[in-house]
> 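Okay, handing you the structure first.
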Amino acid sequence: MVLALVAHAVMAEPGMIREARYAEPTTRYAHGVLGDDVEWGALELIVGPCAGCLRTETGKVTIRLPETRVFEDLAPRLVDLEGDGRPEVIVVESDMSHGARLAVYDGTGLIAATPFIGRANRWLAPVGAADFDGDGVREIAYIDRPHLAKVLRIWSFDRDDGLRHMADVPGLTNHRIGWDYISGGIRDCGQGPEIVTADADWSRVMVTRFDGKGFASRALGPYRDEDDVSRAMACE
């Protein structure tokens, strides 16, 4: 099911998203998980022409959230989820009563979202998107409540069906309270995409991949500082 209930957007004909950025800084959501009190009230998309698009000029689409929600995030992520050469935008939205959810936008507005976590001041930290199982469709990964639950969650995307929950892997995290960055991400060292995180107590660097049947994790080595994660991301 496509979810399209949240944002008030200036609608645009479909086109290629060239750039995405947050706008309208706000302090209306008192959480500060990313190190300060400022979140974002709007998402700005620079949309231009592309082959087969209706749009023939470049313009700006502004997606403005209701006063009860913010983009609680570092930066929007441009990812071609459908493999059609036209990227979608992956963001983190937070509701003052229901906490965070992961959402996907294009130039027409919201096209898919996970459920909200369900409680205020509960957040999720995106990992990234890749075709983990080799079926030609990119999945989206994030850590659900990286300071509390510490669960890697993976969702598959379909424009008609939205985001479908695919798998959970417990005991992993990628963020500490107050960090203005997210640790790890997705790497490919020649054997397909792998998710790099830490384990739940920040003692080991972990790699998680699809093994043909499901998602399995293994330790790469100790976590001493972010240099260990950087080396893992660089396949060293």
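Quick caveat: nothing in here was measured; it's all calculated off a predicted structure.
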> Taking the side chain as every heavy atom from C-beta outward, state whether I46 and I17 have any pair of such atoms under 4.5 Å apart.
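No, their side chains stay 4.5 Å or more apart.
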> With clusters defined by side-chain heavy atoms of hydrophobic residues (ILVMFWY) lying less than 4.5 Å apart, directly or transitively, does Y223 cluster with I143?
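The answer is no; the residues belong to distinct hydrophobic clusters.
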> Can you see which heavy atom on R159 is nearest to which on D106, and at what distance?
NH1-OD2, 2.9 Å
> Closest heavy-atom contact between A103 and E93?
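The pair with the smallest heavy-atom distance is CB-OE2, 3.6 Å.
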> Please report the shortest heavy-atom distance between A216 and D211, naming the atom on each side.
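Nearest pair, atom of A216 first, then D211: CB-OD2, 3.8 Å.
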> Measuring from atom NZ of K60 to atom CD of E44, what distance do you get when rounded to the nearest 0.5 angstrom?
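It is 4.0 Å, given to the nearest 0.5 Å.
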> If two hydrophobic side chains count as joined below 4.5 Å and joins carry through other members, does W202 share a cluster with V151?
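No, no single cluster joins them.
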> So Y181 and W179, would you call those rings parallel, tilted or perpendicular, with 30° and 60° as cut-offs?
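Y181 and W179: parallel rings.
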> Take I140 and I154 through the test side-chain contact (heavy atoms from CB on, under 4.5 Å) and record every step on the way to the result.
CA-CA 6 Å; I140 304 173; I154 299 161; over 6 Å; no
> Which residues pass the ring pair (Phe, Tyr, Trp, His ring centres under 6.0 Å) test with F210, sequence neighbours left out?
F215
> In Å and rounded to the nearest 0.5 Å, what is the OH to CD distance from Y29 to E39?
8.5 Å
> Do L74 and I90 land in one hydrophobic cluster if side-chain heavy atoms of ILVMFWY residues count as linked below 4.5 Å?
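Yes.
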> For the backbone of D95 and the side chain of T68, can you confirm whether one donor and one acceptor N or O come within less than 3.5 Å of each other?
no
> Please report the shortest heavy-atom distance between I182 and P126, naming the atom on each side.
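Looking at all heavy atoms of both residues, the closest pair is CG2-O, 3.6 Å.
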> Does any non-hydrogen side-chain atom of L34 lie less than 4.5 Å from one of H175?
yes
> Could you check I195, V127, L152, V196 and say which one makes a side-chain contact (heavy atoms from CB on, under 4.5 Å) with L172?
L152
> Taking atom CG of L220 and atom CE of M206, what is their separation to the nearest 0.5 Å?
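Going from the CG atom of L220 to the CE atom of M206 covers 8.0 Å.
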> Judged by atom type as modelled, is there a donor-acceptor pair below 3.5 Å linking the side chain of D158 to the main-chain atoms of G162?
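No: the side chain of D158 does not pair with the backbone of G162.
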> Might you point out which heavy atoms bring G192 and R209 nearest each other, and give the distance in Å?
O-NH1, 3.8 Å
> Can you label the angle between the F71 ring and the Y105 ring as parallel, tilted or perpendicular, going by 30° and 60°?
perpendicular
> Just how far is it from atom CD1 of I186 to atom CG of D188, taken to the nearest 0.5 Å?
10.0 Å
> What are the two closest non-hydrogen atoms of A100 and W123, and how far apart are they?
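Heavy atoms of A100 and W123 come nearest at CB-CA, 3.7 Å.
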> For H165, which of Y142, W155, F157 qualifies under ring pair (Phe, Tyr, Trp, His ring centres under 6.0 Å)?
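Going through Y142, W155, F157 one by one, the ring pair (Phe, Tyr, Trp, His ring centres under 6.0 Å) with H165 is satisfied by W155 alone.
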> Going by an N to O cut-off under 4.0 Å, is there a salt bridge joining E236 and R187?
no
> So does R231 get a backbone contact from the side chain of D227, meaning a donor-acceptor N/O pair under 3.5 Å?
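No, the answer is negative, given that no donor and acceptor are paired below the 3.5 Å cut-off.
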> Are any of the side-chain heavy atoms of M166 and F132 separated by less than 4.5 Å?
no
> Check whether D131 reaches the backbone of G136 with its side chain - one donor and one acceptor, N or O, closer than 3.5 Å.
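Yes, because the side chain of D131 sits within donor-acceptor range (under 3.5 Å) of the backbone of G136.
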> Answer yes or no: is there a donor N or O on one side and an acceptor on the other, between the side chain of D73 and the main chain of V92, under 3.5 Å?
yes
> Can you check side-chain contact (heavy atoms from CB on, under 4.5 Å) on T173 and D199, steps first, answer last?
CA-CA 6 Å; T173 188; D199 64 357; over 6 Å; no
> For the side chain of R77 and the backbone of A75, is there at least one donor-acceptor N/O pair under 3.5 Å apart?
yes
> Kindly compute the distance separating CE (M96) from CG (N121), expressed to the nearest 0.5 Å.
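Those atoms lie 10.5 Å apart.
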> Please examine the side chains of H147 and V33, heavy atoms only from C-beta on, and report whether any two atoms are closer than 4.5 Å.
yes
> Begin with the C-alpha distance, continue with both residues' side-chain angles, and end with the deciding distance and a verdict on side-chain contact (heavy atoms from CB on, under 4.5 Å) for W40 and T26.
CA-CA 6 Å; W40 306 97; T26 177; 5.7 Å; no
> For the side chain of T114 and the backbone of L102, is there at least one donor-acceptor N/O pair under 3.5 Å apart?
yes
> What's the spacing between R145 CZ and K150 NZ if we round to 0.5 Å?
12.5 Å
> For the hydrophobic clusters of this structure (ILVMFWY residues joined by side-chain heavy atoms under 4.5 Å, transitively), does one cluster hold both V91 and V70?
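No; V70 is not reachable from V91 via cluster members.
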> Do the non-hydrogen side-chain atoms of P87 and M16 ever get within less than 4.5 Å of each other?
yes
> Tell me, yes or no, whether the heavy-atom count around R28 atom CZ, taken from other residues, nucleotides or ligands under 6.0 Å, exceeds 12.
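Counting neighbours around CZ of R28, more than 12 heavy atoms of other residues, nucleotides or ligands fall under 6.0 Å, so yes.
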> Same cluster or not: V169 versus V207, using hydrophobic residues (I, L, V, M, F, W, Y) connected whenever any side-chain heavy atoms lie under 4.5 Å apart?
no
> When you measure from the side chain of E88 to the backbone N and O of L81, does any donor-acceptor pair fall under 3.5 Å?
yes
